[in-house]
> 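Sharing a structure below in structure tokens format, with a few things to ask.
Here is how names work: the chains are called A, B, and so on, in the same order as the sequence lines, proteins then strands, and each is numbered from 1.
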Protein chains: 2
Amino acid sequence: MTEGRSRRPGPRIEEVARVAGVSKSTVSRVINGEKYVSERSRQAVHRAIALLGYSPNHAARTLAGSKANAIALVISEQGSRVLADPFFAGILRGVHAELAGRHVQLLLMMNQPLDGEDQVAYLTGGHVDGALVVSLHGEDPLPRTLHETGLPVVSGGRPLAGGGAPFVDSDNFNGSLGAVRFLISLNRQKIATIAGPRDMAVGMDRLSGWRCGLAEHGMPVDLVVHSDFTPESGALAMEELLRRAPDLDAVFVAADIMAVGALRVLQAQGRRIPDDVAVVGFDDSVLAATATPPLTTVRQNVEQLGRTMTWRLLAELGGDEKLPQSMLLPTSLVRRASA
Amino acid sequence: MTEGRSRRPGPRIEEVARVAGVSKSTVSRVINGEKYVSERSRQAVHRAIALLGYSPNHAARTLAGSKANAIALVISEQGSRVLADPFFAGILRGVHAELAGRHVQLLLMMNQPLDGEDQVAYLTGGHVDGALVVSLHGEDPLPRTLHETGLPVVSGGRPLAGGGAPFVDSDNFNGSLGAVRFLISLNRQKIATIAGPRDMAVGMDRLSGWRCGLAEHGMPVDLVVHSDFTPESGALAMEELLRRAPDLDAVFVAADIMAVGALRVLQAQGRRIPDDVAVVGFDDSVLAATATPPLTTVRQNVEQLGRTMTWRLLAELGGDEKLPQSMLLPTSLVRRASA
DNA sequence: TCCGCATCTGGGAGCGCTCCCAGAACCCGC
DNA sequence: GCGGGTTCTGGGAGCGCTCCCAGATGCGGA
């Protein structure tokens, strides 16, 4: 029984080389798209690959080469998983779509209780060529820490501190600016906002947009209550706003999930929506369409966000110079019944 | 400049062997948990590993060994992404949690338009040791196809056909049975259901539970409308039910996302919930808590589902004999305002 | 005493690639 | 003609492990 251990089936690079009538080295050059290969050799190799159905061994490439052929997607979801869920799935879809067809593996990491040090050690330990970090909280040190070790990193969502890794984010500022302008165009006179927490860039950017929109028209910007991306806190915030300004006629809520709570409070107090009070949310999550009444909201394209992050990282890994440091993705207003 | 190419930092197995005063082979044995290692050596190796902060090179292990040290999570999300989203995130969380600490990489695959053949080829090509397949539609051939190639597979959600790969699923049948019994205990006389599509096991199982619950009390089981896991189709179904039975006093809806649509129709027609009509959903998704009124629903623990699938697969890979072929996870009724 | 078996150990081949090196072939201008 | 470049090629070392093999040691029974 000289069977040997069971190995992966399929041809090796050596086989391809023989069939193509060239050396292993040349096949390797073709696979990796290097220059200094004659057109004749290149064609021959491609034919041989197709003929044999060859697919390179990922482990061997990684072991022999100086790169890991893998990137990590790190989800830093400290708390607030409610916000994270649909967002997260969209990002993932985008990342995956952008990776399709390339020989790059996607490693998924989520913040486990014990991690921290270990996570950084793993990521900078050569297991991956780069990392996509999605952190909701602006003060998360991970993107910066990783970036400072020299690992190519793209952050999803603007880091509050700034100056660290390049980031890709939805244009939260202009999104909410547009929402406020829309409310003003509806002749609303007293426009409040339920803002996100102060420690999240997404919250602050949306708040800034609201402020600018009102300031443009010389309207006061004092009707702000901060909240924390849960329906309950959205409801509480709405109650406080109504107490402070019983005559408000519009609310811009920085997330659909909070808007749902706000809607409930408004209805409980007998306000008609949108006749008495217009409500605009943000995200265009599944909640917006199912809310009663259906929510007018600012759509951000989360899948596109994932794609763009991935594109940016791969471009950097590919040695692309002069890449944009950071990028903002456009948002759009989706009009439904609440405003 | 004899710098050499830049390699991964960190100690090699050789280093650990030297520090521990044993051979490479022995270190390898300890890492892989083999027998035939003395307690003394084992301890020495563990100390050396801790001292050096050693972590084995994944590529090298895979290349040298007969296994890939990786599993795939395949999401077969043909359409119906609305259902998939939160579900999907929960599964992922569970899989990840169960994998923590083990040296197994998670590869993510989603059905791309072009895939099919390629996907099967990749999975059975030795890149992974096993696969977790989450397919919402019961007729998806992927679990069975993979299983028949001999690749260890665990399916998330019961496959309609049966007989293929082992699966883990929520106990949809007993979940809805419990919901119906609860409605009966509330003295509801005419209990309808909005069921899922006929081609999804999750839909059929929940329907069976409803039937049994009614049959137990000799109640008729004709008030069924099939629908497709969207709020719009839930609304349509509710309208049809009201047309067929204007005097119904309870509805069991096979998914929260459909229940939201049903709720809207009931309210539009002036029915008070739960006074006139009690509504029970299924899933306990984020929609349930934010609905108006908050939805009484059957909770399934999706994260636990992910964990269990992973556990089952890893146990099989570990050579565990006599594993349960398939498993059902308990559900529980979450009482809110709608019933 | 000596054999057999179970337990433990180290040496070293080799997994399938990449990348360095040395060299062949060819072009250019002087 | 010759030196210098650029373009192309093959050979082969070696990435960091696992796993096979051969050998050492210990223990029980004939």
Side-chain angles (χ1 to χ4, degrees), chain A residues 1-18 20-45 48-49 52 54-70 103 105 125-127 129, chain B residues 1-45 49 52 54-70 103 105 125-127 129:
Chain A
M1 296 294 143
T2 29
E3 191 45 59
R5 41 186 159 152
S6 74
R7 295 232 149 263
R8 270 188 63 202
R12 313 278 112 80
I13 199 175
E14 202 110 43
E15 216 105 331
V16 177
R18 234 198 25 248
V22 297
S23 71
K24 281 194 321 173
S25 304
T26 299
V27 176
S28 176
R29 285 186 194 101
V30 172
I31 292 172
N32 293 293
E34 285 168 32
K35 54 180 190 172
Y36 296 152
V37 181
S38 68
E39 199 46 39
R40 238 172 53 82
S41 298
R42 192 182 307 280
Q43 303 262 342
V45 169
I49 287 177
L52 296 172
Y54 169 77
S55 140
N57 180 308
H58 180 261
R61 298 185 79 187
T62 301
L63 182 58
S66 43
K67 57 186 194 295
N69 303 300
H103 291 278
Q105 291 195 343
H127 297 275
D129 300 319
Chain B
M1 295 298 141
T2 31
E3 192 45 57
R5 41 184 159 155
S6 75
R7 294 232 150 262
R8 268 187 65 204
R12 315 277 111 80
I13 200 175
E14 202 112 45
E15 214 105 332
V16 176
R18 234 199 26 246
V19 170
V22 298
S23 71
K24 281 194 322 171
S25 305
T26 299
V27 176
S28 176
R29 284 186 195 102
V30 172
I31 292 171
N32 293 295
E34 286 169 29
K35 54 179 191 173
Y36 295 150
V37 181
S38 67
E39 198 45 39
R40 239 171 52 84
S41 298
R42 192 181 307 279
Q43 302 263 341
V45 169
I49 288 177
L52 297 172
Y54 170 77
S55 141
N57 180 307
H58 180 261
R61 300 185 78 188
T62 301
L63 183 57
S66 44
K67 57 187 194 298
N69 303 300
H103 292 278
Q105 291 194 343
H127 296 276
D129 301 318

> Report the distance from atom CG of B:Asn69 to atom C1' of D:dC17, rounded to the nearest whole Å.
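The distance from CG of B:Asn69 to C1' of D:dC17 comes to 11 Å, rounded to the nearest Å.
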> Please confirm whether the backbone N or O of A:His58 pairs with a side-chain atom of A:Thr62, one donor and one acceptor, at under 3.5 Å?
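A pair under 3.5 Å: yes.
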> The side chain of A:Tyr36 lies closest to which of these nucleotides: D:dC17, D:dT9, C:dC17?
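Shortest atom-to-atom distance from the side chain points to D:dT9.
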> B:Arg12 side chain: which of D:dC8, C:dG10, D:dG16 is closest?
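Of the options given, the side chain of B:Arg12 lies nearest D:dG16.
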> Give a yes/no answer on whether the side chain of A:Ser66 brings an N or O atom under 4.0 Å of OP1 or OP2 in C:dC19.
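So the side chain of A:Ser66 is within the cut-off, an N or O lying under 4.0 Å from OP1 or OP2 of C:dC19.
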> When you measure from the side-chain N and O atoms of B:Ser23 to the phosphate of C:dG11, is any distance below 4.0 Å, counting only OP1 and OP2?
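No, outside the criterion.
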> Does the side-chain contact (heavy atoms from CB on, under 4.5 Å) test come out yes or no for A:Ser41 and A:Arg29, once each step is laid out?
CA-CA 10 Å; A:Ser41 298; A:Arg29 285 186 194 101; over 6 Å; no
> Regarding B:Ser25, tell me which of base, sugar-phosphate or nothing describes its non-hydrogen contacts under 4.0 Å with the strands shown.
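B:Ser25: base contact, heavy atoms under 4.0 Å.
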> B:Val37 and side-chain contact (heavy atoms from CB on, under 4.5 Å): which single residue from B:Val30, B:Val27, B:Val22, B:Val45 fits?
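Passing option: B:Val30.
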> Could you tell me whether B:Lys24 contacts a base, only the sugar-phosphate backbone, or nothing, with contacts defined as non-hydrogen atoms closer than 4.0 Å?
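Result for B:Lys24 = base.
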> Can you give me the closest heavy-atom contact between A:Pro56 and B:His127, atom names plus distance?
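Smallest interatomic distance, heavy atoms only, reads O-CE1, 4.3 Å.
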> Heavy atoms from C-beta onward define the side chain here; which of C:dG16, D:dT9, C:dG11 lies closest to that of B:Leu63?
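Nearest to the side chain of B:Leu63 among the choices is C:dG16.
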> Would you mind reading off the distance between B:Gln43 atom CD and C:dC8 atom P, rounded to a whole angstrom?
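Roughly 14 Å, once rounded to whole Å.
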> May I have the distance from B:Arg40 (atom CZ) to C:dT7 (atom P), rounded to whole angstrom?
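So the two atoms are 19 Å apart, to the nearest Å.
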> Would you say B:Asn57 reaches D:dC15's phosphate, i.e. side-chain N/O to OP1/OP2 under 4.0 Å?
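Checking B:Asn57 against D:dC15: no side-chain N or O falls below 4.0 Å of OP1 or OP2.
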> When you get a sec, tell me which of D:dC17, C:dC17, C:dT18 is the closest nucleotide to the side chain of A:Tyr54?
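Within the option list, the nearest is C:dC17.
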> Heavy atoms from C-beta onward define the side chain here; which of D:dG10, C:dC17, D:dC20 lies closest to that of B:Arg29?
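Comparing D:dG10, C:dC17, D:dC20 against the side chain of B:Arg29, the answer is D:dC20.
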> When the nearest nucleotide of DNA chain D is assigned to A:Thr26 and to A:Lys35 on a heavy-atom basis, which residue is associated with the more 5' position?
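Its nucleotide being nearer the 5' end, the pick is A:Lys35.
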> Taking the side chain of B:Ile13 as its heavy atoms from C-beta onward, which of D:dG10, D:dC17, C:dT18 lies nearest to it?
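Selected nucleotide (nearest to the side chain): D:dC17.
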> Would you tell me if any nitrogen or oxygen in the side chain of B:Ser41 comes within less than 4.0 Å of OP1 or OP2 on C:dT9?
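Yes, such a contact exists.
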> If you take all heavy atoms of A:Ile31 and A:Tyr54, which pair is closest and at what distance?
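Heavy-atom minimum between the residues: CD1-CE2, 3.6 Å.
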